[in-house]
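First up is the structure itself, then whatever we jot down about it.
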Protein chains: 2
Amino acid sequence: MRRVSIKDVAREAGVSTTTVSYVLNEITTQTISSETSRRVREVAKRMGYVPNLNARSLTSRKTNLIGIVIPQTEPGREFMFDNPFYGALLSSLEFNARRNGYHLLLTGPASGQSYIGVARNRGVDGIVIVGSYPSSSLDELHQLSIPVVLIDTYVTDESFHTIGINDRQGGLLATEYLLSRGHRGIAFVSGGISEHGVMRQRFLGYQEALEAAGLQVREERLYTGEVSFQHGMQAARELCSQQDITAVFAAADILGVGVVKGLRQQGRRVPEDVSVMGFDDLDLAQICDPSLTTMRQDIAAKGRQAILTILDALDGKPDKQEWIFPVDLVVRDSVRSVGRPVTAQKHRRPDSGEELNE
Amino acid sequence: MRRVSIKDVAREAGVSTTTVSYVLNEITTQTISSETSRRVREVAKRMGYVPNLNARSLTSRKTNLIGIVIPQTEPGREFMFDNPFYGALLSSLEFNARRNGYHLLLTGPASGQSYIGVARNRGVDGIVIVGSYPSSSLDELHQLSIPVVLIDTYVTDESFHTIGINDRQGGLLATEYLLSRGHRGIAFVSGGISEHGVMRQRFLGYQEALEAAGLQVREERLYTGEVSFQHGMQAARELCSQQDITAVFAAADILGVGVVKGLRQQGRRVPEDVSVMGFDDLDLAQICDPSLTTMRQDIAAKGRQAILTILDALDGKPDKQEWIFPVDLVVRDSVRSVGRPVTAQKHRRPDSGEELNE
DNA sequence: CATCCTTACTTAACCGTTTCAGTACCTCTG
DNA sequence: CAGAGGTACTGAAACGGTTAAGTAAGGATG
């Protein structure tokens, strides 16, 4: 039992397929009598005709499909994304795509073959790539002559649109906030620090803040790994051996909540013994206890802008778009001031605790 | 600059498109000389030929696409899924689809029009529907002659495959566990209790357990709404006015963590003052503090089985598949026994606290 | 009354691919 | 040396739709 095609409708209505196509697509350059028009519509409805978008895209060279590439937590792991961050982003991408008549073709980076394969094969109209990948795979994107939006990756390539936040400033503000609370031993827990990734930028912000306060980044206070709850816990367990660490900057909320959990398991109280700072402001940050002081970013805005940028490009706007959304400090309960006021620092007055960056 | 098609390759290699198709698809029913074969392959590679899957699906009547419908939290809200449950499920669906050569076409229920439209238009090979919908929309699914898998919905329709867990038993075990800990005032916080939904089944389990213990469901202890952190918090705030409630069964972890948060905000300690029981065992359950005692379900298995079931059906296996995965009690830190041992109950001995259901 | 313009269609080509049904040539067989 | 069989291809139709170009009929124009 085949689906009904335009031919079936044409035969039943006693007209040509062309006429059916004209009627159903409401082509105004062609006049069709209202009687024929009515009859075609009636027959199409009665027979349950639905156009085959794949066939249509053959002639129109347009699929109304947007490819989404989301990284796997770890290659070979079953889960594409453990981090609720991706769920939130995907939600926004889907919502905005659909309201503009597009659909999402979802894929992780294909194991073995190029992760762009899908996009090429399916002929998606545009592609959104989330996270950073080896630049070799970006090279392949050039071969596709479709709009490409990169979310959360740092590349200088002029042919890609980019969407992100000011990660470096986020790292800077977060660390400055901890410093302003009197912390001097600040650990940094993050995902892998790759060349084009956001983690590197957040690290640079951390470094900048430390150095501005006359402190140095210390190797033994850096805990990089994967962006997961487990790694956060693991890092917390390890850093407990260093007594001079009074605060942890976790460069993702999912890491932050892991750190809190890990500290607890080691018998440390948060924030009384150790302060923890997150990044992202996922729901998670409010869910955990104590609620997480964190750097907020607008994930929904990122998803929305990604789709709009693709649509702009498809509309023929040639300009490269580069969106950088702001980050904001959200003060909650996981950070507290250390007892003695800061006096030894040149650049900071003891009462500087309240000069929050907005 | 058009993509190179099979015709371009054929012309360049000096053969017909048929030959190119035979070579590239390694059709063994047709003999091709190794010299021609080599040449065609070389030319195809050199020209960067990639087959157009849309065109292919026109003749093969197969798109290698699986449609996924995931509910919106609330109609009109920007977010399709706030609940990390869906992220986890989607991950598993994507992973298992891709390893079998399929891709996922993602969509929320289209506002206004039927949410099946996409599936019909795109000609997906199968469709996975997550959550429960009005049965009217299920009727439309009959018109599609493709395999349909329903996850987490209770329908008796023979033409759909179903995948779920034993929600009623989950509700029963959870409530029995709370009862075994001496709780008698047990509130029920859940999503909307619709006819075909999982929440109704979990409620029935709750009711069964109460009645087996000689207790009655009391209307004022039921808090239904949406499945969200916010609703959990709201319910907790409201139930604080009832002093005889010593435990809360939240029928989803995301609700459970909301309840914990809400109770805390009202100055109640968990579990010292009020015990909380969740459902799902998301990462969240370990992330929150106290970690949540909950009913575990295997989300990855659901996703995997959904894809396998679609593939089975596409392979021509005619049988309706109906998978019910087990639920397991996971004891963590959010439930504690109430002080006095239970003596007044006929069916329970005072020491029955340890007869955990495995 | 021949010409032109509308109106209301249809014909046919095309999108990129698959596949059935040839066809041409060569070699082997009886 | 006719016929059979194998090898190595090609032609053309088909999938479901779009669209440029053509056409036939009727009415208005000069």
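Numbered from 1 within each chain, the chains take letters A, B, ... in sequence-line order.
- Listed nucleotides: C:dC9, D:dT19, C:dT7. Nearest to the side chain of A:Q30: C:dC9.
- Inter-residue side-chain proximity for B:I68 and B:T107 is flagged as unmet; no heavy-atom pair is nearer than 4.5 Å.
- Separating the CZ atom of B:R38 from the C1' atom of D:dA8 is a distance of 17 Å, rounded to the nearest angstrom.
- Contact annotation for B:S33: backbone-only contact, meaning every heavy-atom pair under 4.0 Å involves sugar-phosphate atoms and none involves a base.
- Side chain of A:N96 to backbone of A:I307: no donor-acceptor contact under 3.5 angstrom is found.
- No hydrogens or angles considered: a donor-acceptor pair under 3.5 Å links the side chains of B:S37 and B:R41.
- In the interface, the side chain of B:T18 is paired with the base of C:dT19 through a donor and an acceptor atom under 3.5 Å apart.
- The closest side-chain donor-acceptor pair between B:S16 and B:T19 falls under 3.5 angstrom.
- Note on A:T59: every side-chain N or O is 4.0 Å or more away from OP1 and OP2 of D:dG16.
- What separates CG of B:N64 from P of C:dT18 is a distance of 13 Å, to the nearest Å.
- Contacts of A:S60 with the nucleic acid, taken as non-hydrogen atoms under 4.0 Å apart, are absent.
- Residues B:Y22 and B:A55 both approach DNA chain D. Their nearest nucleotides, taken by heavy-atom distance, put B:Y22 toward the 5′ side.
- Both A:S37 and B:S21 sit near DNA chain C, but only A:S37 has its closest nucleotide nearer the 5' end.
- When the side-chain nitrogen and oxygen atoms of A:R61 are compared with OP1 and OP2 of C:dG16, one or more of them lie within a distance under 4.0 Å.
- An OP1 or OP2 oxygen of D:dT10 is reached within less than 4.0 angstrom by a side-chain nitrogen or oxygen of B:T19.
- Between the CZ atom of B:R56 and the C1' atom of D:dG17 there is a distance of 20 Å, rounded to whole Å.
- Within 6.0 Å of CD in B:E42 there are more than 12 heavy atoms belonging to other residues, nucleotides or ligands.
- Taking atom CD1 of residue B:I27 and atom P of nucleotide D:dT10, one finds them 16 Å apart after rounding to whole Å.
- Taking side-chain N and O atoms only, B:Y49 has a distance below 4.0 Å to OP1 or OP2 of C:dT17.
- For C:dT18, the OP1/OP2 oxygens have a side-chain nitrogen or oxygen of B:N25 closer than 4.0 Å.
- Rounded to whole Å, the distance from NZ on A:K62 to C1' on D:dT19 is 18 Å.
- The interatomic distance linking B:N52 (CG) with C:dC14 (P) rounds to 18 Å, in whole Å.
- In this structure, A:K7 does not reach the D:dA14 phosphate: none of its side-chain N or O atoms is under 4.0 Å from OP1 or OP2.
- Regarding contacts with the backbone of D:dT10, a side-chain N or O of B:S16 is found under 4.0 angstrom from either OP1 or OP2.
- Residue-level contact check: B:S5 touches the backbone only, with heavy atoms under 4.0 Å from sugar-phosphate atoms and none from bases.
- Across all strands, B:V50 comes closer than 4.0 Å only to sugar-phosphate atoms, never to a base (heavy-atom distances).
- Residues B:L58 and B:R39 both approach DNA chain D. Their nearest nucleotides, taken by heavy-atom distance, put B:R39 toward the 5′ side.
- Here C:dT10 presents its C1' atom at 10 Å from CD1 of A:I32, a figure rounded to the nearest Å.
- The side-chain heavy atoms of A:S159 and A:H142, taken from C-beta on, include a pair separated by under 4.5 Å.
- Taking atom CD1 on B:I6 and atom C1' on C:dC14, their separation rounds to 16 Å, with Å as the unit.
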